[in-house]
Q: 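One structure coming up, written as structure tokens, with questions to follow.
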2 protein chains.
Amino acid sequence: MAQQPDTVTRILDTAEVLFAERGFAETSLRNITSKAKVNLAAVNYHFGSKKALIQAVFARYLDPFTERFHTALDELEARHAGGVIPLEELLETMARCVLEVPAERNSLKVFMRLLGLAYSQAQGHLRRYIQEEYGSAFTRFTELVRLATPELPDAERFWRLHFMLGTVIFTLSGLDALRDIAEQDYGEHVGVRDLVRRLRPVVVAAMNAPLPESLPSQREAG
Amino acid sequence: MAQQPDTVTRILDTAEVLFAERGFAETSLRNITSKAKVNLAAVNYHFGSKKALIQAVFARYLDPFTERFHTALDELEARHAGGVIPLEELLETMARCVLEVPAERNSLKVFMRLLGLAYSQAQGHLRRYIQEEYGSAFTRFTELVRLATPELPDAERFWRLHFMLGTVIFTLSGLDALRDIAEQDYGEHVGVRDLVRRLRPVVVAAMNAPLPESLPSQREAG
DNA sequence: GTGACATTCAAACAATTGTTTCCAATCACG
DNA sequence: CGTGATTGGAAACAATTGTTTGAATGTCAC
């Protein structure tokens, strides 16, 4: 569909930054094309529509990520041949993959911000697109987590995984603002890897937290 | 400013639901006014602008919340006269206030979704407005948390509080989608209060997690 | 009733949106 | 070189946006 990588890439590079900064609806095609120094019609020509451009921006991150993630999980499973993979290693692997993919363009911040938007934006099509296109990787991961935390009821594990997903996406997507506050209040320069190091024990402790009192599904019926 | 509560209230009621469903930019004034069965110009007449309407929607939640929250903290401080308030009680108090405010209109979901949007939407004016208007309540809360967790370095506590803020906002603001998945996968109907009960041990465990290895600006023996 | 005020209403406003059109430039290839 | 398809660009498109206008309507004091 696109033979000229120059224009296409320039559009994608500019679009992802603007989307991350201002959201999808708040970023017009004219904003993108003028900053990217390409013609307005180029977007519709190369991508078909704004919606398709948004999905292409995501695909450029998620395609390499899921591929890398799957091979990393393959290696992990091979190393523990048949055995249970400890939760820490699973989390570590996912963190590594998330960090490696945008490292090439030094744009982890953008990547995370986009993920945050995808979840919050209530844009039906985006959530559906991501779910359908990349849901399998998440499903595989949760199944491995299930094996690593057999003592957790399925529903509890489901919710805790999403709790932690919220922690990571919220923190990393709002990183710039939070970093400013942290820096001026505690005089500490915070890099992304510092944050990940801080996140690890918190996430592990959260996943291993004691079960809540009186599970609902057992006795009460509304 | 508004003597006729009928129109103003109808606008606010409709606007908050539509904003929560579709975001701010994706919700037009014509969407709101037509569904609310009021004239288009009524919004600009009563509120001045769309931005002011958005802030009014937030104020209707946050004003009662902060008031209730401050008096709840007053009571808590009085009961522990001078002593340290345990972390669990602080979290419990905050959770209670968050739950009580929208309970009158049965709209916790809307409230949380709005909070999530406020953080993600990158709408500069909204974050600034909330920070300036209601930041004091959060500051007071964090100071009490500091007293309750003296073993935590300041920076670490700062980050963990925001980790947990992310957990709560992310989960509760995306509640509908997650609930659908949980319901069809685990056949479990999940109410908001179930979620809060699930959140409690996770948040406590996360705040009490061991410190990460090798803090950057601090020495830790062992 | 009359006047003064606040509110509602239909219409138009100017600006911006995503998308399309049409023509010139470019390129591959015989 | 010449031909034909592909890609670039300026302008126009139709639709929608937030906002404003000015007249009509309502409400209450006198």
Side-chain angles (χ1 to χ4, degrees), chain A residues 1-59 114 117-118 121-126 128-129, chain B residues 1-59 114 117-118 121-126 128-129:
Chain A
M1 156 186 325
Q3 282 295 46
Q4 201 87 340
D6 210 16
T7 300
V8 171
T9 305
R10 221 156 50 205
I11 291 176
L12 286 174
D13 286 345
T14 312
E16 71 175 24
V17 171
L18 291 180
F19 284 156
E21 279 177 2
R22 304 133 79 142
F24 303 115
E26 291 86 349
T27 303
S28 69
L29 292 185
R30 285 171 178 80
N31 261 328
I32 297 171
T33 55
S34 71
K35 187 169 183 187
K37 296 197 192 310
V38 304
N39 190 269
L40 170 63
V43 170
N44 284 281
Y45 175 75
H46 286 290
F47 298 95
S49 71
K50 186 181 183 181
K51 232 159 74 172
L53 170 64
I54 295 177
Q55 295 184 352
V57 167
F58 274 87
L114 289 176
L117 283 178
Q121 195 81 1
Q123 288 248 47
H125 77 94
L126 234 189
R128 246 176 291 126
Y129 168 76
Chain B
M1 153 188 329
Q3 282 294 44
Q4 200 86 342
D6 212 12
T7 300
V8 171
T9 305
R10 219 155 52 204
I11 291 176
L12 285 174
D13 286 344
T14 312
E16 70 175 24
V17 172
L18 291 181
F19 284 155
E21 279 177 0
R22 303 134 77 142
F24 304 116
E26 292 86 349
T27 303
S28 69
L29 292 185
R30 286 171 178 80
N31 260 329
I32 298 171
T33 54
S34 70
K35 188 169 182 186
K37 293 195 194 313
V38 303
N39 190 271
L40 170 63
V43 170
N44 284 282
Y45 176 76
H46 286 288
F47 298 94
S49 70
K50 185 182 183 181
K51 234 159 71 173
L53 169 63
I54 295 176
Q55 296 184 352
V57 166
F58 274 85
L114 290 176
L117 283 178
Q121 195 82 0
Q123 289 248 43
H125 78 95
L126 232 189
R128 247 176 291 126
Y129 168 77

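Reminder, nothing fancy here: chain letters follow the sequence lines and each chain counts from 1.
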Q: Rounded to whole angstrom units, what separation is found between the CD1 atom of A/Ile54 and the C1' atom of C/dT17?
A: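 Nearest whole value for this atom pair: 13 Å.
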Q: Whole angstrom is fine here: how far is it from CD in B/Glu26 over to P in D/dG18?
A: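 So the two atoms are 11 Å apart, to the nearest Å.
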Q: Students often get this wrong, so: under 4.0 angstrom with heavy atoms, is B/Ala41 touching a base, only sugar-phosphate, or nothing?
A: base
Q: Could you give the distance from CG (B/Leu18) to CG (B/Asp13), rounded to the nearest 0.5 Å?
A: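 Here the rounded value is 11.0 Å.
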Q: Can you figure out which of C/dT19, D/dT6, D/dG18 approaches the side chain of A/Leu29 most closely?
A: C/dT19
Q: How far does CD of B/Glu16 sit from CD of B/Glu21, to the nearest 0.5 angstrom?
A: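 One finds 11.0 Å between CD of B/Glu16 and CD of B/Glu21.
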Q: Check the distance between D/dT21's C1' and B/Tyr45's OH and give it to me in whole angstrom.
A: 14 Å
Q: I need the B/Thr14 OG1 to B/Ile32 CD1 distance, nearest 0.5 Å.
A: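 Between atom OG1 of B/Thr14 and atom CD1 of B/Ile32 there are 8.0 Å.
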Q: Could you give the NZ-to-P distance, from A/Lys51 to C/dG18, as a whole number of Å?
A: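 Rounded to the whole Å, the gap is 14 Å.
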Q: So which nucleotide from D/dA10, C/dT19, C/dT17 ends up closest to the side chain of A/Asn39?
A: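 The answer is D/dA10, which lies nearest to the side chain.
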Q: Between C/dT20 atom P and A/Lys50 atom NZ, what is the distance in whole Å?
A: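 Taking NZ of A/Lys50 and P of C/dT20, I get 15 Å after rounding.
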Q: Return no unless some side-chain N or O of B/Ser28 is found under 4.0 Å from OP1 or OP2 of D/dT17.
A: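 Yes, within the criterion.
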Q: Quickly work out the B/Phe24 CZ to D/dG18 C1' distance and round it to whole Å.
A: 16 Å
Q: First locate atom OG1 of B/Thr7, then atom NE2 of B/His46, and finally report the distance between them rounded to the nearest 0.5 Å.
A: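 Spacing of OG1 (B/Thr7) from NE2 (B/His46) equals 5.0 Å.
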Q: Which one, D/dT19, C/dG18, C/dT7, comes nearest to the side chain of B/His46?
A: C/dT7
Q: To the closest 0.5 Å, what do you measure between CG (B/Leu126) and CZ (B/Phe58)?
A: 4.5 Å
Q: Answer yes or no: does a side-chain N or O of B/Ser49 lie under 4.0 Å from OP1 or OP2 of D/dG18?
A: no
Q: Looking only at the side chain of B/Asn44 (C-beta and beyond, no hydrogens), which of the listed nucleotides C/dT8, D/dT19, D/dG18 gets closest?
A: D/dT19
Q: Nearest whole Å is fine: how far is D/dT7 C1' from A/Ile11 CD1?
A: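 Interatomic distance, CD1 of A/Ile11 to C1' of D/dT7: 12 Å.
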Q: When we call it a touch if two heavy atoms are under 4.0 Å apart, what does A/Thr33 touch: a base, just sugar-phosphate, or nothing?
A: nothing
Q: What is the distance, rounded to the nearest whole Å, between atom CG of A/Asn31 and atom P of C/dT17?
A: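 In whole Å, C/dT17 P lies 7 Å from A/Asn31 CG.
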